[in-house]
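Since the structure comes first, as structure tokens, the remarks are kept for the end.
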Amino acid sequence: MKRRIVSALIGVATISLVGHGNMITGETVKASKAVSGIASGSYLNMIDLDTVTGYNGTASGLQLYTADGIGYYLEAENIQSGRTQLYYTLTQEDFDALTPTLENRNGKIIIEVSNGTVSDSEGNGTDDCGYYRHYDSEKFSPGDYVQSVFIYNPETNSVDDILYRVDTLIE
């Protein structure tokens with residue numbers, strides 16, 4: 001499972017870099033311990049995503065920074081079909097295409113990449129579709145344009161069951 005999630009992050013980094021040439025390292029701002037129950041059997045030799053402190057993507061791969069200071073470099077793959085699916089939601093039509101997929105993911109790993117703007121000093125903001133989003137008010141300031149990556153829990157079909165969220169300031 002974690003290998004699929006890391007592979008999905010590779011796809012996100014590749015797509016993100018195509019859409020936005022300037023990125024800075026982001027940090028995981030929300031993580032669920034639900035993944036820890038998956039780490040059994042053959043998944044024991046995978047990267048523990050709870051230790052990832054940031055990332056930096058290039059056109060050829062993804063550098064993951066971990067709490068132990070080692071880090072990992074993963075070569076990029078373009079993953080948009082099969083068990084891992086990537087959705088870039090910039091318009092209402094994009095969002096409308098994502099919603100039924102989230103409600104019927106049935107074991108698929110769904111990754112959403114969207115952008116939004118911080119509205120005030122309390123972290124309130126909206127995404128590009130106009131939907132409310134809350135940002136870390138200590139990390140972001142009013143007017144900041146932020147790219148958010150959401151990795152949804154493949155074990156449920158709840159539209160708000162997010163395993164990981166990464167917010168990155170877009171310069």
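Because only heavy atoms are used, hydrogens play no part in the values below, and waters and symmetry mates are left out as well, while side chains stay in. The model shown is predicted, which means the values in this text are computed figures rather than measured ones.
The line from CG of Leu163 to OG1 of Thr156 is 8.0 Å long, rounded to the nearest 0.5 Å. Atom CD1 of Ile111 sits about 13.0 Å away from atom OH of Tyr88, to the nearest 0.5 Å. To the nearest 0.5 Å, atoms SG (Cys129) and CG (Asn115) are separated by 10.0 Å. Rounding to the nearest 0.5 Å places CG of Leu102 at 6.5 Å from CD1 of Ile110. Here CG of Asp167 is found 6.5 Å from OH of Tyr135. Values are rounded to the nearest 0.5 Å. How far CD1 of Ile151 is from CZ of Arg165: 13.0 Å, rounded to the nearest 0.5 Å.
Residues Tyr145 and Leu169 share a closest heavy-atom pair of O-CD1, 3.6 Å. Contact between Ser121 and Pro142 at its shortest, heavy atoms only, is N-CG, 3.5 Å. What you find for Ser137 and Gly123 is that their closest heavy atoms are CB-N, 3.8 Å. In terms of heavy-atom proximity, Thr89 sits nearest to Ser114 at OG1-CB, 3.2 Å. Of all heavy-atom pairs between Thr101 and Gln85, the closest is CG2-OE1, 3.6 Å.
Within the structure, salt bridge (Lys or Arg N to Asp or Glu O under 4.0 Å) pairs that include any residue of residues 88-102 do not occur (at least two apart or interchain).
Relative ring orientation between Phe95 and Tyr131 is described as tilted, the plane-to-plane angle lying within the 30° to 60° band.
Under a 3.5 Å cut-off, the side chain of Asn153 and the backbone N or O of Glu155 do form a donor-acceptor pair.
Between the side chains of Arg133 and Thr117, no donor-acceptor pair is found at a separation under 3.5 Å. There is no side-chain donor-acceptor pair under 3.5 Å between Asn157 and Asn104.
Around CD of Gln92, the count of heavy atoms belonging to other residues, nucleotides or ligands within 6.0 Å exceeds 12.
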Checklist entry - Please walk me through it: do Asp127 and Glu112 pass side-chain contact (heavy atoms from CB on, under 4.5 Å)? => result CA-CA 12 Å; Asp127 64 12; Glu112 175 187 7; 5.6 Å; no

